[in-house]
Amino acid sequence: MQQSGAAGGRGCALFPLLGVLFFQGVQVVLSLEIKADAHVRGYVGEKIKLKCTFKSTSSVTDKLTIDWTYRPPSSSRTESIFHYQSFQYPTTAGTFRDRISWVGDVYKGDASISISSPTLKDNGTFSCAVKNPPDVHHNIPVTELTVTERGFGTMLSSVALLSVLVFLPSAVVVVLLLVRMVRKSAGLQKTSKSGYKKSSIEVSDDTDQEEGDDCMARLCVRCAECLDSDYEETY
């Protein structure tokens, strides 16, 4: 808790972590609100997004600032990893050097960043602070990042899902063809047992189909001969 200077014997207490201003015992909600994911899980080598959004009653100007800090597990030491004021200033030193990218949009209330090529050493607490004068008093949300190796079970499930998406349609087609063949075979057997004779129309259809198949076969042979002759002429 911080105490502000007294004015006329009256003081006010500011609680920035709660995002609330108390003046003369009256609770006043601050005009700048920041939200961030409390817990984020990622995998080694896969880009991770740390989401942070804010709402301000004041219009965004070039005085708006965004600061991301990092604190390792079981440590009170914090380090600045990103700063924004009109331009992006990712850290140029430390373990996050050249791995922090800006993915936000201040005009949409987005102050998010991303971490490239995360490792197990990136586990820890990240804080997002935004100031948009005159809105400077706000809560400071924290995000606990947990980076793990992608396990065999996760990889297996991904492979299984891909296999299902690839082979399921093929399996359906095969089953449908088998059903059709079985039905056709059963129909032929039933016809032969009952002494059924085809009508002239059915006989004509079968004849046309056979002639079409024979014509197609002869056409394929002719095309093959043409290709062979062209091949011989080139030599």
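At a threshold of 4.5 Å between side-chain heavy atoms, the hydrophobic network of Ile, Leu, Val, Met, Phe, Trp and Tyr places Tyr89 and Val60 in two separate groups. Linking Ile, Leu, Val, Met, Phe, Trp and Tyr whenever their side-chain heavy atoms come within less than 4.5 Å puts Val40 and Phe54 in one cluster. Follow the hydrophobic side-chain contacts under 4.5 Å out from Val142 and you never reach Ile48; the two are in separate clusters.
Between Thr125 atom OG1 and Glu144 atom CD the span is 3.0 Å, to the nearest 0.5 Å. The CZ atom of Arg99 sits 11.0 Å away from the CD1 atom of Ile113 when rounded to the nearest 0.5 Å. To the nearest 0.5 Å, the span separating NZ on Lys55 from NZ on Lys35 amounts to 5.0 Å. Interatomic distance, CG of Asn132 versus CD1 of Ile66, reported as 9.5 Å (0.5 Å rounding). Rounding to the nearest 0.5 angstrom, the gap separating the CG atom in Asp122 from the CD1 atom in Ile115 is 5.5 Å.
Within the structure, disulfide bond (SG atoms under 2.5 Å apart) pairs that include any residue of residues 59-111 do not occur (at least two apart or interchain). Applying the side-chain hydrogen bond (donor to acceptor under 3.5 Å, both in side chains) definition to pairs two or more places apart or across chains, those involving residues 105-121 are Asp110-Ser112. Evaluation of the disulfide bond (SG atoms under 2.5 Å apart) test over residues 85-122, restricted to residues two or more places apart or in two chains, returns none. Pairs of residues two or more places apart, or lying in two chains, that qualify as disulfide bond (SG atoms under 2.5 Å apart) and include a residue from residues 38-122 are Cys52-Cys128. Among pairs with a residue in residues 56-98, none fulfils disulfide bond (SG atoms under 2.5 Å apart), at least two apart in sequence or across chains.
For the pair Leu64 and Val106, the tightest heavy-atom approach, listed with the atom from each and the gap, is CD2-CG1, 3.8 Å. Across all non-hydrogen atoms, the minimal contact from Val103 to Lys49 is CG2-CE, 4.2 Å. In terms of heavy-atom proximity, Leu32 sits nearest to Asp135 at CD2-O, 3.5 Å. The minimum heavy-atom distance between Thr148 and Leu120, with the atom names listed, is CA-CD2, 3.9 Å. Minimum heavy-atom separation, Trp68 to Ala111: NE1-O, 2.9 Å.
The shortest side-chain heavy-atom distance between Arg71 and Thr69 does not fall under the 4.5 Å cut-off.
Considering only residues two or more places apart in sequence or on other chains, Phe126 meets the ring-ring contact (aromatic ring centres under 6.0 Å, His included) condition with Tyr70, Phe96. Under the side-chain contact (heavy atoms from CB on, under 4.5 Å) criterion, Pro134 pairs with Ser58, not counting sequence neighbours. When the salt bridge (charged side-chain N to carboxylate O under 4.0 Å, His left out) test is applied to Asp37, no partner is found at least two apart in sequence or on another chain. Looking at residues two or more places apart in sequence or on another chain, you find no side-chain contact (heavy atoms from CB on, under 4.5 Å) involving Ser59.
Checking side-chain atoms of Asn139 against main-chain N and O of Ile34 turns up a donor-acceptor pair under 3.5 Å.
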What donor-acceptor contacts under 3.5 angstrom involve side-chain atoms of residues 77-88, with partners at least two apart or in another chain?
unit_1 : atom_1 : unit_2 : atom_2 : d
His83  : ND1    : Asp67  : OD1    : 2.7
Gln85  : NE2    : Asp62  : O      : 3.4

